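All figures in this text were calculated on a predicted structure; none of them were measured in a lab. In the text below, chain A, chain B and the rest are named by the order of the sequence lines, each starting its count at 1.
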Amino acid sequence: MNKQSIAANLRQIADLLEISGENHYKVTAYRNAAAALLQSSFRLEDIISRSVSVPGIGPDSLNLIRWCMEGGLKSAMAHLKISVPATAHQLLWVPGIGPKTAMVLIHNHHVDSLAALQAALSSNRLLHKPGFSAAKIHRMKRDVAVLLERMHSYPIAQVWPAALELQRSLEALSGVDQVGVTGDARRLVPMCKRLEMVVSVHDRTPFQTWCEANHATPKDDGYEWNIGPSDNPLTVRVYVADPPDFAQRQMETTGDQIHDEVIKGLLRQAGYSWTKAGICDMRGRRISPATEEEIYALVGLPFFPPELRSDRGLLQNPATLVQADDIQGDLHVHSNWSDGSMSIPELVERAETLGYAYIAITDHSQSLSIANGLTPERVLAQRAELKRVQSAASVKLLHGIEVDILADGSLDLPDDILADLDIVIASVHGAMYQSKSQMTNRLVRAIRNPYVDVIGHPTGRIIGRRAGYEVDIEKVVAEAALHGVALELNANPNRLDISEDILRRATQAGVAIAIDTDTHHPNEFANMAYGIRMAHRGWLTKGDVLNTLSHTGLMKRLKGQ
DNA sequence: GCCGTTTTCGGCCCGACTGTTTTCAGTCG
């Protein structure tokens with residue numbers, strides 16, 4: 001078992017304990033342990049053997065990890081005497097269902113999984129039972145349909161890190177030449193059907209031994225096995241290639257299918273054939289392009305980044321796409337003044353290490369009290385702190401805020417406070433289940449505020465968990481264009497908000513995009529890489545992206561000059 | 001359960017919204 005699978009088990013155990021009515025802090029402790037395990041760079045073996053200690057993983061969590069390693073989830077559940085069914089944690093995925101409602105469903109209605117809930121909802125047998133109004137049932141039906149997608153696919157935020165970890169393990173094996181991620185994850189598909197890798201080997205024995213040790217099932221073209229929780233496993237598929245075939249094997253497994261067919265069609269027109277046996281020239285001789293670049297070159301095309309490979313991918317010139325080097329700074333970062341974990345000097349240090357020209361400190365505003373949001377007084381106090389830190393920093397600091405868009409579309413801080421800030425990001429954090437027209441009017445009202453520069457995570461989606469609020473995005477885009485307000489591409493892999501379709505619509509309408517990490521913890525600055533890849537899916541060029549501007553250019557733009 | 005101590009026990013993010021049990025428990029961010 002790898003870190004991801006164990007962390008998933010830990011989270012599931014925490015959910016089951018919470019449903020069982022266990023102490024809230026104990027539940028939180030196991031969730032923290034799962035997060036600490038994922039964030040730790042130490043090897044699993046070293047953590048278990050206690051040769052290193054990880055903050056957040058105490059003796060009990062360590063035992064739990066051992067039980068999971070030895071006997072899986074069942075064993076851990078037995079040790080902790082958990083009596084609710086293992087699948088019951090799925091109920092907590094549904095917005096509006098917490099531990100108490102989950103327990104009522106299990107005990108009073110014999111509903112102990114997402115599938116059982118869907119069946120109960122469609123049979124209408126929950127209707128008018130205490131706590132289940134007609135409106136609530138209607139909403140749950142919609143949400144459960146979204147969530148059931150998770151039963152056969154996995155969010156990219158889990159698949160990509162798991163893929164990189166697997167890549168490192170495979171690269172360490174002798175006899176292995178090249179290892180690469182492929183399939184959905186390589187194209188940054190938000191919900192991946194499985195985790196796919198390509199491996200080229202010059203000596204198959206060590207790799208085969210490793211696969212057998214991991215209980216992998218042999219397939220025609222490689223191996224397959226499952227990781228993650230047993231009731232919702234992630235399938236891992238590894239394709240094995242001879243070293244000269246690595247590039248073509250990775251290209252044909254990356255997809256998407258339509259892009260592949262287009263390329264194969266162009267190859268045929270150019271006199272080549274691409275069958276199971278590989279690419280052959282017009283005389284039927286095998287050719288083995290060493291890179292994907294060489295395959296595209298056979299048909300006179302430049303290299304297409306995987307994220308661009310879709311039914312419409314060839315319409316965009318990849319040379320114009322925004323690149324990581326174009327990014328001059330991060331415009332959405334939280335400090336420990338609200339719910340970030342880093343102090344402002346620590347954020348500055350990170351930004352300087354990353355070589356950024358500027359960074360905007362954008363903490364939450366007062367109504368988000370759980371996040372210790374800033375009151376007007378604390379905004380002023382923070383300005384003084386920024387001034388002090390700026391005097392010793394080379395990176396330019398922007399004083400910003402992520403101000404809440406309240407239920408009626410007004411903002412959570414008075415205009416005179418917003419007026420003096422360098423950048424104002426306005427975001428929705430509460431009252432997300434408004435009607436489409438209410439939510440649209442709410443966002444439009446926020447965009448019309450003269451001090452708003454960016455709309456943060458504009459649809460509120462959480463990939464695989466929440467569809468996002470219902471909103472007339474065309475109207476929002478049109479209004480943003482009219483008022484020169486940028487839309488955020490939130491690079492957090494759980495959000496990737498806005499989607500590629502909305503990105504294209506926005507840029508066509510002339511709306512600027514801010515690619516932001518929304519960083520709360522040190523390792524989240526790295527999420528910019530997801531942002532860039534998502535930008536490729538949305539065909540963003542350097543000119544479309546607000547934070548490719550120089551500091552001078554950005555300040556001019558923000559001041560409306 | 002974990003952490004951090006003034007070291008073995010106290011503290012741990014808290015207020016708004018929602019549906020409805022119409023007075024507040026449950027959920028959420």
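Place A/P99 and A/D339 on DNA chain B by their nearest nucleotides, and A/D339 ends up nearer the 5' end. Comparing A/P130 and A/I97, the nucleotide of DNA chain B nearest to each residue sits closer to the 5' end for A/P130.
Across all strands shown, A/V104 has no heavy atoms under 4.0 Å from either base or sugar-phosphate atoms. Within 4.0 Å (heavy atoms only), A/T101 reaches sugar-phosphate atoms of the nucleic acid but no base atom. A/G430 comes within contact range of no nucleotide atom at all, as no heavy-atom separation falls under 4.0 Å. Here A/N372 lies out of heavy-atom contact (under 4.0 Å) with every strand.
Between the side chains of A/E488 and A/H457, not a single donor N or O lies within less than 3.5 Å of an accepting N or O. Between the side chains of A/T375 and A/Q366, no donor N or O sits under 3.5 Å from an acceptor N or O. Residues A/T440 and A/D472 have side chains that never bring a donor and an acceptor to within less than 3.5 angstrom of each other.
At whole-Å resolution of the value, CZ in A/F132 and P in B/dT27 are 10 Å apart.
Which of B/dT27, B/dT21, B/dG1 sits closest to the side chain of A/K26 comes down to B/dG1. Of the candidates B/dG29, B/dC2, B/dG26, B/dC2 carries the atom nearest the A/S61 side chain, counting heavy atoms from C-beta on. The side chain of A/Y30 has B/dG1 as its nearest neighbour among B/dG29, B/dG1, B/dT27. Nearest nucleotide to the side chain of A/P95, out of B/dT27, B/dC28, B/dC2: B/dC28. Picking from B/dG29, B/dC3, B/dG1 the nucleotide with the shortest atom distance to the side chain of A/P55 gives B/dC3. Here B/dG29 is the nucleotide among B/dC2, B/dG26, B/dG29 with the atom lying nearest to any side-chain atom of A/L368.
Distance noted for atom C1' between B/dT23 and B/dG29: 24 Å (whole Å). A gap of 12 Å separates the C1' atoms of B/dC3 and B/dT7, to the nearest Å. B/dG11 and B/dT18 are spaced 34 Å apart, taking the P atom of each and rounding to whole Å. Spacing of C1' atoms, B/dT22 relative to B/dC17, comes out at 16 Å, to the nearest Å. Using P as the reference atom, B/dT21 and B/dG15 are 27 Å apart when rounded to the nearest Å. B/dC12 and B/dT5: their P atoms are spaced 15 Å apart (whole Å).
Across all their heavy atoms, A/I344 and A/S335 have their closest contact at CG1-CB, 3.8 Å.
In textbook terms, a nucleotide whose glycosidic angle is within 90° of 0 is syn, and B/dT8 is one such case.
Among residues two or more places apart in sequence or in another chain, the side-chain contact (heavy atoms from CB on, under 4.5 Å) test is passed with A/Q39 by A/N523.
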